[in-house]
Amino acid sequence: MAFTTRRMLRFGDCDPSGIAYFPAYLDMLVGVIEDFFASIGSPWHLMVKDRRVGTPTLKLDILFSHPGFQGDQLDFTLKVMAIGRSSVELDHRIHCGETLLWQCRQKLVATSLDTHKSCPWPDDIRAGLAAHLENSDA
């Protein structure tokens, strides 16, 4: 089950020509992931403050296919592709209408904010991630 959300490409996300500035896309992606974790019952502010668990990016592979422009409504689709002991692989597709603007594969790792080493996903977070795991038979 994919997680979807929409973001508008704002003035501050673009270069002077009105085309999306790619670092702004990454800032938007962080917000989408934060919203995803909140949707599975694990808001980042509580993970960090109360549980001392972080989710840094280990790997990010991005392909830009088409420019985005100021005012575009961007539809973000996040799919959980694999869950490891302390990692999760995500697939992101970002469209404006029917046009694929960019896509990426991302690997996040659960880490202890005290030791800065990987740690197993807490059971409730693992269950939330698993509820979005893509069926490999599809």
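Since this is a predicted model, take the numbers as computed values, not measurements.
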Indicate, with yes or no, if [Y] and [X] share a hydrophobic cluster defined by side-chain heavy-atom contacts under 4.5 Å among Ile, Leu, Val, Met, Phe, Trp and Tyr.
X: Val80; Y: Val30; value: yes
X: Phe22; Y: Val32; value: yes
X: Leu9; Y: Ile62; value: yes
X: Val109; Y: Ile83; value: no

Just by distance, do the side chain of [X] and the backbone of [Y] share a donor-acceptor pair under 3.5 Å?
X: Asp50; Y: Met47; result: no
X: Asp72; Y: Leu74; result: no
X: Trp44; Y: Phe37; result: no

Once you round to the nearest 0.5 Å, how far does [atom1] of [X] lie from [atom2] of [Y]?
X: Arg6; Y: Cys96; atom1: CZ; atom2: SG; answer: 8.5 Å
X: Glu98; Y: Asp75; atom1: CD; atom2: CG; answer: 9.5 Å
X: Thr57; Y: Ile33; atom1: OG1; atom2: CD1; answer: 5.5 Å
X: Leu58; Y: Gln106; atom1: CG; atom2: CD; answer: 10.0 Å
X: Leu78; Y: Thr4; atom1: CG; atom2: OG1; answer: 10.0 Å
X: Cys104; Y: Leu26; atom1: SG; atom2: CG; answer: 8.0 Å

Side chains of [X] and [Y], heavy atoms from C-beta outward: is any pair under 4.5 Å?
X: Thr77; Y: Phe3; result: no
X: Leu90; Y: Val88; result: yes
X: Phe64; Y: Tyr25; result: yes
X: Glu34; Y: Pro43; result: no
X: Leu108; Y: Pro56; result: no
X: Leu63; Y: Trp102; result: no
X: Thr99; Y: His66; result: yes

Restricting to non-hydrogen atoms, name the atom on [X] and the atom on [Y] that form the minimum distance, rounded to 0.1 Å.
X: Ala2; Y: Glu134; result: N-OE2, 4.2 Å
X: Val53; Y: Ala110; result: CG1-CB, 4.4 Å
X: Pro67; Y: Leu101; result: O-CD2, 3.5 Å
X: Ile125; Y: Ser42; result: CG1-OG, 3.1 Å
X: Arg126; Y: Gly84; result: NH2-O, 2.9 Å
X: Cys119; Y: Ser86; result: O-CB, 2.9 Å

Got a sec, which residues hit salt bridge (charged side-chain N to carboxylate O under 4.0 Å, His left out) with Asp124, two or more places apart in sequence or on another chain?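 Asp124 satisfies salt bridge (charged side-chain N to carboxylate O under 4.0 Å, His left out) with Arg51 once adjacent residues are dropped.
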List in chain and number order the residues that pass salt bridge (charged side-chain N to carboxylate O under 4.0 Å, His left out) with Arg7, two or more places apart in sequence or in another chain; answer none if no residue qualifies.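 Once residues adjacent in sequence are excluded, the partners of Arg7 under the salt bridge (charged side-chain N to carboxylate O under 4.0 Å, His left out) criterion are Asp35.
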For Leu100, enumerate each residue passing the side chain to side chain contact (heavy atoms under 4.5 Å, CB included) test, keeping only those at least two apart in sequence or located in another chain.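 For Leu100 the side chain to side chain contact (heavy atoms under 4.5 Å, CB included) partners, ignoring immediate neighbours, are Ser65, Arg93, His95, Gln103.
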Listed partners of Phe76 passing ring pair (Phe, Tyr, Trp, His ring centres under 6.0 Å), at least two apart: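 For Phe76, no residue satisfies ring pair (Phe, Tyr, Trp, His ring centres under 6.0 Å) once neighbours in sequence are set aside.
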Check ring pair (Phe, Tyr, Trp, His ring centres under 6.0 Å) between His132 and all other residues, then give those that pass, not counting sequence neighbours.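 By the ring pair (Phe, Tyr, Trp, His ring centres under 6.0 Å) rule, His132 matches Phe36.
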Pairs satisfying salt bridge (charged side-chain N to carboxylate O under 4.0 Å, His left out), at least one member in residues 100-117, at least two apart: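 Matches after skipping sequence neighbours: Arg52-Asp114, Glu89-Arg105.
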